[in-house]
Amino acid sequence: MKIIALVGSIRRSSYNRKLATFVQQRYVEQMDVTIPDLGALPFYDQDIELEAPADVQAFKQTIMDADGVIFVTPEYNHSIPGVLGNAIDWLSRVERPLTGKPVMILGATLGPLGTVRAQSHLRQILDSPGVAARVLPGDEFLLSTVQNKMNIAGDITDSKSVEWLDHCVADYLKFAHQLAASN
Ligand SMILES: Cc1cc2nc3c(=O)[nH]c(=O)nc-3n(C[C@H](O)[C@H](O)[C@H](O)COP(=O)(O)O)c2cc1C
């Protein structure tokens, strides 16, 4: 399956980017994961949405061509980071490539709550009419106190977290295949 991972942090040493890379490498047999640089996108502007810059059009096309999307995001001020909101705004207008796409949400944070509020807010956003993505129900992958569970190379060292991630990814792939078969 061709999957795009949208990472909500553009920080060089981002734990969430490392988590996306971990997923890309660990499940390489099941998914071909690409991680675009959301920091390269201009701010969404309704004045130019019908003739969006080439970078934006290329970004939308990659989502259009993908079988699914995995959001990997930190929590910023109890919500999602602006860089991720900006990407979603572009994707919610004109062609709407997230519509009907199978989506899974992952998140890592330094704190004890593991992005739970950001994830719940993101589910609400993904359910809006302009987005209308199909989010994997039930499973939540929250990597709390990530600094104690991931090494410098980006490997998750906490076996329970890896076990849960395996479970969530397996559920997601089943969900994505079922959606594809019903279309
Ligand atoms: C602007 C900002 C707001 C933040 N707000 C929250 C928050 O609401 N909840 C939380 O658990 N962590 C919050 N954090 C801490 C992030 O979880 C932490 O910086 C995390 O490492 C960011 O992810 P990254 O490593 O992928 O960049 C915030 C960090 C920043 C920079």
S.K.: Consider only side-chain heavy atoms of I, L, V, M, F, W and Y, link residues closer than 4.5 Å, and tell whether Leu84 and Ile105 are in one cluster.
M.R.: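 Yes, Leu84 connects to Ile105 through the hydrophobic network.
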S.K.: Ignoring hydrogens and geometry, is there a side-chain-to-backbone donor-acceptor pair from Asp155 to Thr157 under 3.5 Å?
M.R.: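 No.
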S.K.: Within the structure provided, determine whether Val23 and Leu106 are in side-chain contact (heavy-atom separation under 4.5 Å).
M.R.: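 Touching, per the 4.5 Å side-chain cut-off.
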S.K.: Between CZ of Arg134 and CG of Asp127, what distance do you get to the nearest 0.5 Å?
M.R.: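 Taking CZ in Arg134 and CG in Asp127, the distance rounds to 10.5 Å.
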S.K.: Is the closest side-chain heavy-atom distance between Pro36 and Leu6 below 4.5 Å?
M.R.: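 They are in contact (side-chain heavy atoms under 4.5 Å apart), so the answer is yes.
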S.K.: Could you check if a side-chain atom of Phe71 sits within less than 4.5 angstrom of a side-chain atom of Ile88, using non-hydrogen atoms only?
M.R.: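 The answer is yes; the side chains approach within 4.5 Å.
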S.K.: Hey, what do you get for CZ (Arg26) to CG (Asp166), rounding to the nearest 0.5 Å?
M.R.: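 Going from the CZ atom of Arg26 to the CG atom of Asp166 covers 4.0 Å.
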S.K.: If two hydrophobic side chains count as joined below 4.5 Å and joins carry through other members, does Ile10 share a cluster with Leu19?
M.R.: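 Result: no, two separate clusters.
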S.K.: Would you call the rings of Tyr172 and Phe175 parallel, tilted or perpendicular, where under 30° means parallel and over 60° means perpendicular?
M.R.: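 Tyr172 vs Phe175 ring planes: tilted.
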S.K.: Any side-chain heavy-atom pair from Val56 and Leu41 closer than 4.5 angstrom?
M.R.: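 Heavy-atom side-chain distance check passes, below 4.5 Å.
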S.K.: In the structure I gave you, are the side-chain heavy atoms of Leu165 and Tyr27 within less than 4.5 Å of one another anywhere?
M.R.: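 Answer yes - side chains close enough.
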S.K.: Do we see a donor-acceptor contact under 3.5 Å between the side chains of Lys149 and Ser144?
M.R.: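 Distance-only check passes for Lys149 and Ser144.
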S.K.: More than 12 non-hydrogen atoms from neighbouring residues, nucleotides or ligands closer than 6.0 Å to CD on Glu51, yes or no?
M.R.: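 Open.
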S.K.: Taking the side chain as C-beta and beyond, is there a heavy-atom pair between Val94 and Lys60 under 4.5 Å?
M.R.: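 Heavy-atom side-chain distance check passes, below 4.5 Å.
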S.K.: Is a donor on one side and an acceptor on the other found under 3.5 Å between the side chain of Ser79 and the backbone of Tyr76?
M.R.: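 Checked: no pair found.
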S.K.: Any side-chain heavy-atom pair from Val131 and Leu91 closer than 4.5 angstrom?
M.R.: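 No, side chains not in contact.
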S.K.: What is the minimum heavy-atom distance between Trp164 and Glu140, and which atoms define it?
M.R.: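 Shortest heavy-atom contact: NE1-O, 2.8 Å.
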S.K.: Taking C-beta and beyond as the side chain, do Val7 and Leu38 meet within less than 4.5 Å on heavy atoms?
M.R.: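 With C-beta onward as the side chain, the pair stays apart.
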S.K.: Could you point out which residue of Met104, Gln119, Lys101, Arg123 forms a side-chain contact (heavy atoms from CB on, under 4.5 Å) with Val135?
M.R.: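 Running side-chain contact (heavy atoms from CB on, under 4.5 Å) over Met104, Gln119, Lys101, Arg123 with Val135 returns exactly one hit, Arg123.
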